[in-house]
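Letters A, B, ... are given to chains in the order of the sequence lines, protein chains preceding strands, and every chain is numbered from 1.
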Amino acid sequence: MEIWSSFRKEAEKLLKEAGYEGMIEDAKEEFGDFTFPCFSLAKERKESPVDIAKDIVEKMEKSEYFEKIENVGPYVNFHINPKKMVREVIEAVRNGSLFKFESKGSAIVEHTSANPTGPLHVGRTRNSIIGDSLARILRRYGYDVKVHYFVNDVGKQVATLLWGAKNISLEEGEEREDYRYVKYYQKAYELLEKNPEIEKEVQDIIWRYERGDAELREMANKYIGGIMRGIEESLRNINIEFDEFVWESSLVEKAKELVKYLEDYLEEDDGAYYVNLKRLGLEGKERLYLYRSDGTTLYPLRDIAYHVYKADKAERNIDVLGEDHKLHFEVIKKLVKLIRPQAKLEALFYSFVKLPEGKMSTRRGTVVYLDDLVREGMKKVEEIIKTREYPEEEKREIIKKVAVGAIRFHILNVQEEKPMTFRWENALNFEGESGPFIQYTHARATSILKKASWVGEYDASIISHPQEIRLVKLMAKYPEVIKEASEKLAPYLVARYAYKLASQFNQFYRDCPVLKAEENTRNLRLAIVSAFRDILKDVLELLGIDAPEKM
RNA sequence: GGGCGCGUGGCCUAGCCAGGAUAGGGCGCUGGCCUUCUAAGUCAGUGAUCGCGGGUUCGAAUCCCGCCGCGCCCGCCA
């Protein structure tokens, strides 16, 4: 239920009834809540914008939605009636309608899909966190969302890892499987670079694996499966889970069948097959190879099959992809359309996270692993919390939740397409625009509610303090934030809102005593705090951040 | 070389799509606020030729053109 919009629509209605038409915009706070600038009308009518604004105000009917409508120079400014708004917000939170949207059908969000060659690093984690939050937001907005991970067990990188496992003997430590097996990958790549003839052996592994070689299948199970178990555990630690893992090898046969749909554009080169993209009217690349000369499939073909598979399962398909996939995605989309014309494929692209020293690479070991970031984060929280007297178990829970909150928020607070440089001090910042700041605010609000014995009654008509009003107005905008973030596939908008809302509450907290206020004021403020807390908790849930009641 | 994206105070960032009222935040730094609901908070101060140059407009961080810097892509890798 979009309360803020309903007030805006009322303003538009009043304007229309006054004989004018135009877009009502949100105003800067000092000028009111909505504004209608009269410049473009002035141009059309060749009249002064100030005169038009005056005329509009004169002709405007009174409305219970607004306590004041006035013109300031060439602007018509609307001031919302806070009594009406606070009542609507509190009731919508209580009956749940603030969080409800009409159902919108099925969607698959695919994210992470990192090659299983080693533990997850923080660069890849940007993909995971964005994807996970996007899925949560779309779900809240009314989609029936399934989250997918496309496991590449067929490609060259993974074959190289298997080659390593077969041919290199390493001392395997006691670490988790992903940390153990990544060493084969790194060592194998090192050898491959020095001895190009190894390439043939790797190709042979791909060939045999695609044809179901029992020994290799078993190895894949052990090594790739093991690394995947590690990746899953790392992600579970930061509140990320999947509904389905689709292994590429399971789609190889299906992929081969689909090639017939592309025959018109298919050409041969020394036994290899490619799609002539030029003839398809695509630019930026001339050939898209689907088969190697030895008859094994290439990633684009398997990816096409995967997207066809998804298109058959859900109405909307959204991939979270690194910026390096932009061209690839456009091409795949076009080809999938030839096979499934109704397929609706979309992507959210994000820029890479680099280290101050440069790019991250699992191959070269120049990475910061997600697990290390979580561990360091937890150490830092522990340091802060150690003087507080909470039971040991509760303390451990808080430490984990806050560390994860800091990490997730740090990633989500920035527009996806902006490049990021990973810095420990920023990633684990607990002050200002940070996850812990928001969690702390939630704990404060919860603490007030716990101390109050209150039956839930309140009188909306006595709302008067500017901080009460500002907080309520911001709360009213929540549904619009969900809508915009969903439509634009932009989870960062929810993160920005979370911060603004928490920050606004802290100002209210400073200026408006709740428990010690006179009874009527106390009741109203408790109603506001309670609604605020429910909204903030929901916002945090969309960000995948836990909301501790104490910290 | 061609295509796509990014460029806002010392650092990070919002605003750009739908052009308007003194360019918002945060970090850092300086100085205040805990006998009052958790100081992971809060207030004040500090600090910006919105990459550069043109154009459109009454009005440009925002739209258009050119240039510069950075990233990514243009593989029988994924």
Side-chain angles (χ1 to χ4, degrees), chain A residues 23 25 27-28 30-31 35 37-40 42-43 49 72-75 77 113-115 150 152 154-158 160 203 248 269-274 277 283-294 296-300 302-303 322-328 330 349-352 354 359 380-381 384-385 388 402 406 410 413-415 417-421 423 425-426 429-441 443-452 488 492-493 496 499-500 502-503 505-507 509-517 522 525-526 529 550-551:
Chain A
M23 273 265 291
E25 301 165 16
K28 284 195 171 187
E30 49 190 305
F31 298 113
T35 188
C38 300
F39 300 101
S40 52
K43 199 172 177 183
V72 177
Y75 296 87
N77 295 336
S113 301
N115 280 345
F150 193 36
N152 175 10
V154 187
K156 199 174 189 171
Q157 279 78 356
V158 166
T160 305
Q203 287 303 339
E248 286 192 22
D269 165 28
D270 191 26
Y273 287 89
Y274 62 88
L277 297 177
E283 288 183 15
K285 191 178 167 103
E286 288 184 16
R287 297 173 171 190
L288 183 76
Y289 279 86
L290 303 180
Y291 281 108
R292 294 188 182 87
S293 301
D294 68 358
T296 53
T297 61
L298 285 154
Y299 165 72
R302 302 187 300 267
D303 203 28
E323 56 183 340
D324 56 337
H325 274 60
K326 281 185 180 176
L327 178 58
H328 170 78
E330 281 316 305
F349 295 101
Y350 68 95
S351 290
F352 291 124
K354 60 172 196 218
K359 281 172 82 163
K380 199 177 159 187
V381 183
I384 294 172
I385 207 178
R388 303 190 188 184
V402 173
H410 176 247
N413 194 35
V414 180
Q415 225 177 95
E417 62 269 29
K418 286 242 188 190
M420 271 184 109
T421 302
R423 291 195 174 83
E425 63 272 29
N426 295 346
N429 171 34
F430 294 176
E431 285 164 19
E433 285 179 4
S434 73
F437 170 95
I438 300 165
Q439 292 172 310
Y440 182 73
T441 309
R444 276 181 148 182
T446 304
S447 172
I448 292 175
L449 296 169
K450 274 188 177 163
K451 285 180 178 157
K488 291 182 174 171
Y492 86 95
L493 291 171
R496 307 288 316 176
Y499 172 74
K500 268 207 305 217
S503 174
F505 179 81
N506 283 326
Q507 288 177 44
Y509 184 91
R510 183 192 68 224
D511 296 341
C512 301
V514 177
L515 298 175
K516 292 195 169 152
R522 182 177 189 268
R525 288 182 179 167
L526 281 169
V529 172
K550 288 187 209 164
M551 59 186 279

- Note on the structure: Which of C27(B), C77(B), A21(B) is nearest the side chain of N429(A)? It is C27(B)

- Any side-chain N or O of Q415(A) under 4.0 Å from OP1/OP2 of G15(B)? yes

- Could you tell me whether K500(A) contacts a base, only the sugar-phosphate backbone, or nothing, with contacts defined as non-hydrogen atoms closer than 4.0 Å? nothing

- Message: Taking any heavy-atom pair under 4.0 Å as a contact, classify L327(A): base, sugar-phosphate, or nothing.
- Response: sugar-phosphate

- Item | Nearest-nucleotide comparison on RNA chain B, the residue closer to the 5′ end among G284(A) and V402(A) | V402(A)

- Phosphate contact (G15(B) OP1 or OP2) by Y492(A) side-chain N/O below 4.0 Å: yes

- Query: Is D269(A) touching bases, backbone alone, or none of the nucleic acid, heavy atoms closer than 4.0 Å?
  - Reply: base

- Classify the side-chain pair T441(A)/N506(A) by whether it contains a donor and acceptor separated by less than 3.5 Å. yes

- Task: Take atom CD of Q507(A) as the centre, draw a 6.0 Å sphere, and report whether it contains more than 12 heavy atoms from other residues, nucleotides or ligands.
- Result: yes

Pairs under 3.5 Å (N/O, protein and nucleotides 29-34 of chain B):
none

- Query: Taking the side chain of R444(A) as its heavy atoms from C-beta onward, which of A39(B), U42(B), U8(B) lies nearest to it?
  - Reply: A39(B)

- Nearest atoms (heavy-atom pairs only) where N413(A) meets E433(A): ND2-OE1, 3.2 Å

- Query: P atom, G26(B) versus C65(B): distance in rounded Å?
  - Reply: 36 Å

- Message: Return the pairing partner of C27(B) with a 3.5 Å limit on both distances, Watson-Crick or G-U wobble; otherwise return none.
- Response: G10(B)

- Query: Within the pair R388(A) and A40(B), is there a side-chain N or O less than 4.0 Å away from OP1 or OP2?
  - Reply: yes

- Query: Considering Watson-Crick and G-U wobble pairs with both distances under 3.5 Å, what does A40(B) pair with?
  - Reply: none

- Message: Using the C1' atom as the point on both nucleotides, what is the distance between G25(B) and C64(B), in whole Å?
- Response: 30 Å

- For the side chain of K326(A), starting at C-beta, report the closest nucleotide among C6(B), G5(B), C77(B). G5(B)

- Message: For a quick check, with a 4.0 angstrom heavy-atom cut-off, what is the B/S/- contact string for nucleotides 57-64 of chain B, read 5' to 3'?
- Response: --------

- Between U42(B), G5(B), A21(B), which one does the side chain of E417(A) approach most closely? G5(B)

- Item | Glycosidic conformation of C73(B), taking syn as within 90° of 0 and anti otherwise | anti

- Do the ring planes of H325(A) and Y299(A) sit parallel (below 30°), tilted (30 to 60°) or perpendicular (above 60°)? perpendicular

- What nucleic acid atoms does C512(A) come within less than 4.0 Å of, heavy atoms only: base, sugar-phosphate, or nothing? base

- Task: Would you classify N426(A) as touching base, sugar-phosphate or nothing, given that sugar-phosphate means primed atoms plus P, OP1 and OP2, and contacts are heavy atoms under 4.0 Å?
- Result: nothing

- Query: Base, sugar-phosphate alone, or nothing: which one does Y499(A) contact when heavy atoms must sit under 4.0 Å apart?
  - Reply: sugar-phosphate

- Item | CD (E283(A)) with more than 12 external heavy atoms under 6.0 Å | no

- Task: Look at the side chain of D324(A) and decide which nucleotide, out of A21(B), C37(B), C73(B), has an atom nearest to it.
- Result: C73(B)

- Message: Please name the nucleotide paired to C17(B) by Watson-Crick or G-U wobble geometry with both distances under 3.5 Å, or report none.
- Response: none

- Message: Counting the atoms with a prime plus P, OP1 and OP2 as sugar-phosphate, which does F31(A) contact under 4.0 Å by heavy atoms, base, sugar-phosphate, or nothing?
- Response: base

- Shortest non-hydrogen contact between F505(A) and I448(A), atoms and distance: CZ-CD1, 4.5 Å

- Message: Does Y299(A) reach a base, just sugar-phosphate, or nothing at all? Heavy atoms under 4.0 Å.
- Response: base

- Quick one: label D303(A) by what it contacts on the DNA or RNA (base, sugar-phosphate, nothing), any heavy atom closer than 4.0 Å. nothing

- Message: Mind checking if R525(A) touches a base, just sugar-phosphate, or nothing, with heavy atoms under 4.0 Å?
- Response: nothing

- Message: Over all strands shown, is K354(A) touching base, sugar-phosphate only, or nothing at heavy-atom distances under 4.0 angstrom?
- Response: nothing

- Task: Would you classify R496(A) as touching base, sugar-phosphate or nothing, given that sugar-phosphate means primed atoms plus P, OP1 and OP2, and contacts are heavy atoms under 4.0 Å?
- Result: base

- Query: Quick one: the side chain of S293(A) and the base of C76(B), do they pair up donor-acceptor inside 3.5 Å?
  - Reply: yes

- Message: Ignoring hydrogens and geometry beyond distance, is the side chain of K285(A) in donor-acceptor contact with the base of C73(B) at under 3.5 Å?
- Response: no

- Item | Base A21(B) to side chain T35(A), donor-acceptor N/O within 3.5 Å cut-off | yes

- By ring-ring contact (aromatic ring centres under 6.0 Å, His included), Y289(A) pairs with (sequence neighbours left out) Y274(A)

